[in-house]
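As structure tokens, the structure follows; a few thoughts come after it.
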Amino acid sequence: MFKKAVEAKAQQRLSGADRKKLKRTIRDRFPRASDADIDALLPPKAEITVSKFQNRVHVYGVEGGVPLFFNVDGRGSEIYPTVFALWKLPEMLPYFMLKGGEVSRFVIGGADLMFPGISVAAEGLPSFSAGEPWAVKVPGNPAPIAVGSTTMSSAEALKAGLRGKALRIMHYYHLCRESVEGHYVPNSGFLEDVVLEDPSFLASNQPSDSSEGATCESDVQQSCVNNENTEGSIDVNGAISDACAASMQNDSENAAKEIMMDASDLKSTANVDAAKLDIELSSLSIEDVDSHLDRCLLQALHTTVKDKDLPMPGSTSNHVLPCRPSGITLDIKKSSHKKLSKWLQAKTSTGLITVKEDKYKKEAMLISVNRGHPEYLQFKPEKQPVEKVVQAGDSAASESRSQKALEVVEVYKSSVHVNPIFASVGADTGKLYSASEATDIVFKYIEKENLVKQTNKATVVLDATLCDALFKGAIKKGSTYPTEIHKKDLGATFINRMQAHHMVTRGGESVVRKGVLKTVQIMTERRQGNKKVTKVSGLETFLIDPEALASELQKKFACSTTVAELP
């Protein structure tokens, strides 16, 4: 409880080769997990990070999410899933069932599992070898509460009369009255299953021994790592909890909570009305794109581009892109100019701006703006609507809060892989769909073609069109294509073949961007002894103005703040 926080020696993203090696190691060590299960934990398109600690422990997880696997020796031979991973995939490991709440209280307190506390089934003790990873469960709950390594084989255990230590606990779910070292971090930003903030996740997966009569009550739920001070044991205490906190210190935790105050109102909506998502990204003509680009440039020159900031790189995107109309995505490649440099040169030829190429960086630089140009003078910039402040007690406060509520929605667009499926059922390939709507489309195709297996209604037989849509290009050469797929895997596989987008809405402002949502990154650095600096990036993703936030934080915490562009 009073032990100093463990700091990561290094944290980095895995390369493509290391990602494949990690997945291959997980597949070999945990044969119960299928390829689809591993992809669900470590999505192919997500960034995977590794945190390396002084005691040689390596902690792996999806960037911005909770730790999913940890390696106690740093070589990859002793890799274990965290309880976070087992909450998502409970059947990854074989498990020991506890006798009841009296035993679970010791396990969630950090003690190793002893054989007398295990509930042995009528058919006898299951077979296992020494050093195998096993999970621990309580009766009535499918979510494991701990994971560890067996200390002896089943034959040795029977010879010892089922006495002694059965499992050396590596990672466990901890309940305590006071906060201890380490913090939870929401998984994969705000769109995946949030371990602590999604009530449905907690209701179905949170380990609880209250039904067994346990007396441990909790105000703070905490995942901890066992620190056994015995000879030969490996101290991994704090490593996983520190990775959860992204190496944040206690004094920066409060600042992070204030920074993310608006994000607490986030609504991760999976079933959004199709009318709200009906945005035609490809309906704009070349003339429309050119017109929108010109208007965005003039809006930026009037509002955000200041003469004191010049010269600036022409590729700076935080001026023109935010000026786009709500719900419209502009692509320079779909304009008549095709390239950013040609568009800037075209505006230079009209006399509105002056652009020169940097001979060292080989990049177009915006040198000056002609604020006396007729186009500049005739253009009237759009003003942001100002909210009326009405002092009407709590009702006004709640109304203002609802207007600023942040809403993020994962949406998907048809790709070349799944276009034949959409065309077969008459669905629009240019429209954005929620996950449930996209899943409905593939099941409509299955119903239309009568592909459900007659002998097993939970299995779908793959015809040529559906097989190509799901697996073409994803199967290695020389491997055979599958002939059927389970219904529970069909939706996720189909969605992974579509183009991921996300819609961010705050108040009356809304934007749709291509790709997965990038989370806000918060980190601390030590400078000049014990002086700490907190760095925050990625606020623009959630329509937060960095300048306004910096000014507010400067007043609130009586500290100095600066805003700088990322390299």
Side-chain angles (χ1 to χ4, degrees), residues 34-46 188 191-192 268-284 327 329 331 333-334 408-503 512-517:
S34 64
D35 291 343
D37 294 333
I38 297 175
D39 287 341
L41 291 175
L42 302 173
K45 296 183 180 180
S188 299
L191 299 179
E192 301 291 338
S268 179
T269 308
N271 298 321
V272 177
D273 192 349
K276 188 175 182 181
L277 302 178
D278 190 10
I279 300 176
E280 297 288 344
L281 298 179
S282 59
S283 61
L284 296 177
T329 300
D331 188 353
K333 295 180 181 179
K334 295 183 180 179
V408 178
V409 182
E410 264 190 328
V411 290
Y412 304 89
K413 186 181 178 182
S414 177
S415 65
V416 293
H417 302 293
V418 298
N419 276 341
I421 303 296
F422 280 75
S424 178
V425 298
D428 189 356
T429 57
K431 181 181 173 182
L432 293 175
Y433 298 87
S434 65
S436 60
E437 292 171 342
T439 305
D440 291 341
I441 288 177
V442 68
F443 276 101
K444 284 182 182 178
Y445 176 81
I446 292 171
E447 184 179 356
K448 176 183 175 183
E449 301 295 333
N450 193 22
L451 299 179
V452 177
K453 193 174 183 178
Q454 298 300 323
T455 57
N456 186 1
K457 298 295 183 180
T459 303
V460 175
V461 179
L462 300 178
D463 62 1
T465 303
L466 185 57
C467 185
D468 288 345
L470 298 180
F471 299 107
K472 187 176 182 180
I475 302 295
K476 295 182 180 180
K477 291 184 177 180
S479 302
T480 58
Y481 281 79
T483 58
E484 56 186 36
I485 186 173
H486 199 282
K487 283 185 177 180
K488 69 175 184 179
D489 300 327
L490 179 61
T493 306
F494 186 76
I495 290 174
N496 286 336
R497 302 284 283 180
M498 299 178 67
Q499 296 178 6
H501 291 68
H502 61 273
M503 175 186 290
V512 177
R513 297 187 180 97
K514 188 177 180 180
V516 297
L517 183 73

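Computation of the quantities below employed the complete heavy-atom set of this structure, encompassing side-chain atoms and omitting hydrogens, waters and symmetry-equivalent molecules.
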Between [atom1] on residue [X] and [atom2] on residue [Y], distance to nearest 0.5 Å:
| X | Y | atom1 | atom2 | result |
| --- | --- | --- | --- | --- |
| F443 | F494 | CZ | CZ | 10.5 Å |
| I475 | C467 | CD1 | SG | 7.5 Å |
| M498 | I441 | CE | CD1 | 6.5 Å |
| M503 | L517 | CE | CG | 13.0 Å |

Q: Please name the pair of heavy atoms, one in R497 and one in A474, separated by the smallest distance, quoted to 0.1 Å.
A: NH1-CB, 3.8 Å
Q. Taking all atoms of both residues into account, what is the closest heavy-atom pair of A438 and I495, and its distance?
A.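 Distance-wise, the nearest heavy atoms are CB-CG1, 4.3 Å.
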Q: Can you tell me which residue pairs pass the side-chain hydrogen bond (donor to acceptor under 3.5 Å, both in side chains) test with a partner in residues 472-483, sequence neighbours excluded?
A: none
Q. Taking only residues at least two apart or on different chains, which pairs with a member in residues 458-469 satisfy side-chain hydrogen bond (donor to acceptor under 3.5 Å, both in side chains)?
A.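 Sorted result for residues 458-469: Y445-D463, N456-T459.
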Q | Results of side chain to side chain contact (heavy atoms under 4.5 Å, CB included) for K514 - residues two or more places apart only | A |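 Partners of K514 by the side chain to side chain contact (heavy atoms under 4.5 Å, CB included) criterion, ordered by chain and then number, come out as Q499, H501.
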Q) Got a sec, which pairs hit salt bridge (charged side-chain N to carboxylate O under 4.0 Å, His left out) with one end in residues 480-493, sequence neighbours left out? A) K453-E484
Only pairs under 3.5 Å count here: list side-chain donor-acceptor contacts from residues 36-45, not counting sequence neighbours, and write none if there are none.
residue	atom	partner	partner atom	Å
D37	OD2	S34	N	3.2
D37	OD2	S34	OG	3.0
D39	OD1	K23	NZ	3.2

**Q.** Qualifying residues under ring-ring contact (aromatic ring centres under 6.0 Å, His included), relative to F422, sequence neighbours excluded
**A.**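 Per chain and number, F422 pairs via ring-ring contact (aromatic ring centres under 6.0 Å, His included) with Y433.
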